[in-house]
There are 2 protein chains.
Amino acid sequence: MDCNVVDRLKGRGIIPSAHRVAIGDYVLRTIEHPSADQVWERVKTSFPVLSRATVYNTLNLFVRKGLLQELILAEGKVVFDPNVADHHHLVEEDSGIIYDIPWDAVQVSGLDTLTDLEIDSYQVVARGRKRRH
Amino acid sequence: MDCNVVDRLKGRGIIPSAHRVAIGDYVLRTIEHPSADQVWERVKTSFPVLSRATVYNTLNLFVRKGLLQELILAEGKVVFDPNVADHHHLVEEDSGIIYDIPWDAVQVSGLDTLTDLEIDSYQVVARGRKRRH
DNA sequence: CCATAGTTTTAGAGTAAGTCTAAAGATATA
DNA sequence: TATATCTTTAGACTTACTCTAAAACTATGG
């Protein structure tokens, strides 16, 4: 699963252009939940000729192809998570940092009794903060 | 709890100006989860002299005072929910409609075992659709 | 190696949600 | 009535994001 980015793009039918690989090299490995503009700022440092539109196009492409998950959890802006397996989230209000919570750490029951709802997916969104050990 | 809007504002230390009451008359009773601009459009029909800034100021004031809950669940936009009691949400992707799910309908366990997290609040966010009976 | 058709990238304009500002208008109290 | 405080306003500004049309790539067949 953690093979190189070129192969992961090809595996989803995405032509691995230099720009896309540069973006993927960052966004498919990070645990930072960056926004699109944060991805742009970051990737530009190592790959200077890069327009904003390309970053947005590429991120949206990755989402469509299942390489990224789009999250709308906090501060009115969309962030991206390369962890596309089901999992829950903790939003740290002060810092805006978002942490992943493993799926198995939390159990949710009762959704199946809501017979008037057809549920495709769900997650727990928690607000709070990470303890400074 | 469902007493008139003027008293509810006063109860939170908010001066019940005509504008605020007009906005509250709609937003504190609706189950529609409107965005700020939707509130503006709607309230303007019955209260024409109303600027966008006033609507945003008032909604933010209501949130600070605990009369409204701000939700960031779908489509990158903030919506408001006068149901400030804890509850869960279902986001209908196609329509953008958000439905409340009663707190007691769902049980979540395991969050307390995450000892490195200090959790203030949480909710289940489900994606799917309401069955057309 | 060239032609060409398709794909990708670009700069910059456009859009929409939301915030800020400074002035004007209300309101309350003494 | 005077004055201090609070509220509202129009419109400019900001930020996140999308669109557009042209330019630059890339792949393939001949």
Side-chain angles (χ1 to χ4, degrees), chain A residues 5-6 9-10 12-27 32-44 46-65 67-81 96 98, chain B residues 5-6 9-10 12-27 32-44 46-65 67-81 96 98:
Chain A
V5 169
V6 172
L9 300 194
K10 282 184 187 165
R12 304 280 174 150
I14 300 172
I15 293 173
S17 72
H19 296 74
R20 287 171 177 168
V21 172
I23 294 168
D25 261 337
Y26 168 56
V27 82
E32 293 174 0
H33 298 87
S35 69
D37 273 18
Q38 284 168 346
V39 173
W40 187 36
E41 290 303 330
R42 174 67 176 262
V43 177
K44 260 195 302 188
S46 57
F47 197 96
V49 184
L50 180 66
S51 93
R52 171 191 286 241
T54 298
V55 173
Y56 279 85
N57 290 342
T58 301
L59 292 175
N60 290 337
L61 178 65
F62 286 2
V63 169
R64 277 201 311 282
K65 299 294 189 177
L67 288 170
L68 280 182
Q69 194 176 358
E70 199 178 77
L71 300 176
I72 309 165
L73 298 178
E75 303 309 309
K77 65 181 179 184
V78 176
V79 298
F80 297 91
D81 189 346
I98 296 166
Chain B
V5 168
V6 172
L9 300 194
K10 282 184 187 165
R12 304 281 173 147
I14 301 171
I15 294 173
S17 71
H19 296 73
R20 288 170 176 169
V21 172
I23 293 167
D25 261 335
Y26 168 58
V27 81
E32 292 173 1
H33 299 86
S35 68
D37 273 18
Q38 284 167 349
V39 172
W40 187 36
E41 290 304 328
R42 173 69 175 261
V43 177
K44 261 197 302 188
S46 58
F47 198 95
V49 184
L50 180 66
S51 92
R52 170 193 286 244
T54 300
V55 173
Y56 279 85
N57 290 343
T58 301
L59 292 175
N60 290 337
L61 178 66
F62 287 1
V63 169
R64 278 201 310 282
K65 298 296 188 177
L67 288 170
L68 278 182
Q69 194 176 357
E70 199 178 75
L71 300 177
I72 308 165
L73 298 179
E75 303 310 308
K77 63 181 184 188
V78 175
V79 299
F80 297 91
D81 189 346
I98 296 166

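In what follows, every chain begins at residue 1, and chains take the letters A, B, ... in the order their sequences are listed. Side-chain atoms are counted along with the backbone in the values below, which use heavy atoms only and exclude waters and symmetry mates.
Looking only at side-chain heavy atoms (C-beta outward), B:E70 and B:N60 come within less than 4.5 Å of each other. Proximity of B:T58 to B:H19: side-chain heavy atoms (C-beta onward) are nowhere separated by under 4.5 Å.
Between D:dC17 and A:N57, no contact under 4.0 Å exists linking OP1 or OP2 to a side-chain N or O. Side-chain N/O atoms of B:S17 include none lying less than 4.0 angstrom from OP1 or OP2 on D:dT7. When the side-chain nitrogen and oxygen atoms of B:S51 are compared with OP1 and OP2 of D:dT9, one or more of them lie within a distance under 4.0 Å. The side chain of B:Y56 contributes an N or O atom lying less than 4.0 Å from OP1 or OP2 of C:dG18. Between C:dT8 and A:R20, a contact under 4.0 Å exists linking OP1 or OP2 to a side-chain N or O.
Per the geometry, CZ belonging to A:R52 stands 17 Å off P belonging to C:dT9, to the nearest Å. Note: NE2 (A:H19) to P (D:dC25) measures 9 Å, nearest angstrom. In this entry the distance linking NZ of B:K44 with P of D:dT9 reads 11 Å, nearest Å. Rounded to whole angstrom, the span from the CG atom of B:N60 across to the P atom of C:dA17 amounts to 16 Å. One interatomic measurement links the two molecules: CG of A:L71 to P of D:dA16, which rounds to 17 Å at whole-angstrom precision. In this structure, B:I14 atom CD1 and D:dT5 atom C1' are separated by 17 Å, rounded to whole Å. The CG-C1' distance, from B:L9 to C:dT27, rounds to 17 Å in whole Å. To the nearest angstrom, P of D:dT7 lies 11 Å from CZ of B:F62.
Checked by atom type, the side-chain pair B:Y26/B:Q38 shows no donor-acceptor distance below 3.5 Å.
Side-chain N or O atoms of A:R20 include one that pairs as donor or acceptor with a backbone N or O of A:I15 at under 3.5 Å.
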